[in-house]
Amino acid sequence: MIDLSQTKMPSAIMVDGVFYPIKTDFQYWLLFCKKLKNKEIESLNDCDFLYSSNKIPKDRMKGYEELLNFFKPKKELPRAVGKSTGVTVFDYIIDSPLIFAAFFEQYGIDLMDESLHLHWWKFNALFDGLHDTKMNKVMEYRTYDENDKQSMESFYKEMRQAWQIEDMSDGVQKDLDDFNKLFEKKSDYIIEKEK
């Protein structure tokens, strides 16, 4: 998941306390997705193309698990609410033309440009941010349920619940208040000293 407080995107996975550099360009991860879908990963060695050096974890299973975590990082939002339809909403491979068109239409990004080095997490963030494109319409068609007579009010309640940011806990707020008090005391001390 993208963290805007960081200046760089991750370019390695950690296994048993050791960092292993990986390829982060979205094309490699789409290929990984394709291999997973087509059941072309028969051994853990089939994932070696994702490592950007010959440095590969000794514990191959843990390495594979960390590659999967990088491929599909946990998201805090939206939360799962309501009933799950079990419908596949999009497929990176089948929907490639629509994804290409959506990125070009929305962001002016040519995903086929060989000089493009787009980090996998950035690709996914941009994908999640797509709106009003043919890709979005197709995703709506795939999730349409003629039996669902949900009112707009209940729909928006569900969306609010899915996207609601949890309030800061009292402990965190107390820590912030304590920090601010320390800063205020220090600045009072500096002012007194200058007099």
Check: Ile109 main-chain N/O paired with Asp113 side-chain donor or acceptor under 3.5 Å: no
Thr7 side, atom OG1; Asp3 side, atom CG - distance, nearest 0.5 Å: 10.0 Å
Transitive ILVMFWY side-chain link Leu68 to Trp121, under 4.5 Å: yes
Rounded distance [0.5 Å steps], OH in Tyr64 versus CG in Asp48: 12.5 Å
Side-chain heavy-atom pair Tyr20, Ile56 within 4.5 angstrom cut-off: no
Sub-4.5 Å side-chain heavy-atom contact between Phe71 and Cys33: yes
More than 12 heavy atoms of other groups within 6.0 Å of Phe19 CZ: no
Residue among Lys122, Met9, His119 satisfying side-chain contact (heavy atoms from CB on, under 4.5 Å) with Thr24: His119
Ile94 with Tyr92, same ILVMFWY side-chain cluster at under 4.5 Å: no
CA sep, side-chain torsions, deciding dist, call: Arg142, Asp95, salt bridge (Lys or Arg N to Asp or Glu O under 4.0 Å): CA-CA 12 Å; Arg142 290 175 180 156; Asp95 293 325; 2.7 Å; yes
Expected output: side-chain Tyr107 to main-chain Leu126 donor-acceptor under 3.5 Å: yes
Separation between CD1 of Ile93 and NZ of Lys34, rounded to the nearest 0.5 Å: 6.0 Å
Heavy-atom side-chain contact between Asp91 and Lys37 under 4.5 Å: yes
Single-linkage hydrophobic cluster Phe127~Phe104, side-chain heavy atoms < 4.5 angstrom: no
Exercise: identify the closest heavy-atom pair between Ile13 and Gly63: CD1-O, 3.7 Å
Check: Glu40 main-chain N/O paired with Asn38 side-chain donor or acceptor under 3.5 Å: no
Donor-acceptor pair, side chain of Glu105 and main chain of Thr133, under 3.5 angstrom: no
Phe32 and Phe49 aromatic ring geometry - parallel, tilted or perpendicular at 30°/60° bounds: tilted
No-hydrogen, no-angle side-chain donor-acceptor test under 3.5 Å, His117 and Asp25: yes
Pairwise distance CZ(Arg60) to SG(Cys47) - rounded to 0.5 angstrom: 8.0 Å
Side-chain (Ser53) to main-chain (Lys55) donor-acceptor, under 3.5 angstrom: yes
Residue pairs involving residues 127-141 (criterion salt bridge (Lys or Arg N to Asp or Glu O under 4.0 Å); sequence neighbours excluded): Lys75-Asp128, Lys137-Glu140
4.5 Å side-chain heavy-atom contact, Met139 and Leu98: no
Test log, rule ring-ring contact (aromatic ring centres under 6.0 Å, His included), inputs Phe26 and Trp29: CA-CA 5 Å; Phe26 75 99; Trp29 294 93; over 10 Å; no
OH/Tyr28: more than 12 non-hydrogen atoms of other groups inside 6.0 Å: no
Non-hydrogen side-chain atoms of Leu130 and Phe103 separated by less than 4.5 Å: yes
Gap between atom CE of Met14 and atom CG of Asn69 - 0.5 Å precision: 13.0 Å
Beyond-backbone contact of Leu67 with Tyr51, side-chain heavy atoms, under 4.5 angstrom: yes
Shared hydrophobic cluster for Val89 and Val138 (ILVMFWY, side-chain gaps under 4.5 Å): yes
Within-4.5 Å side-chain heavy-atom neighbours: Glu66 and Ile22: no
In one Ile/Leu/Val/Met/Phe/Trp/Tyr side-chain cluster, 4.5 Å: Leu50, Met61: yes
Where Ala102 and Met135 come nearest, the two heavy atoms and their spacing: CB-CB, 4.1 Å
Where at least one partner belongs to residues 6-17, residue pairs that pass salt bridge (Lys or Arg N to Asp or Glu O under 4.0 Å), sequence neighbours excluded: Asp16-Lys62
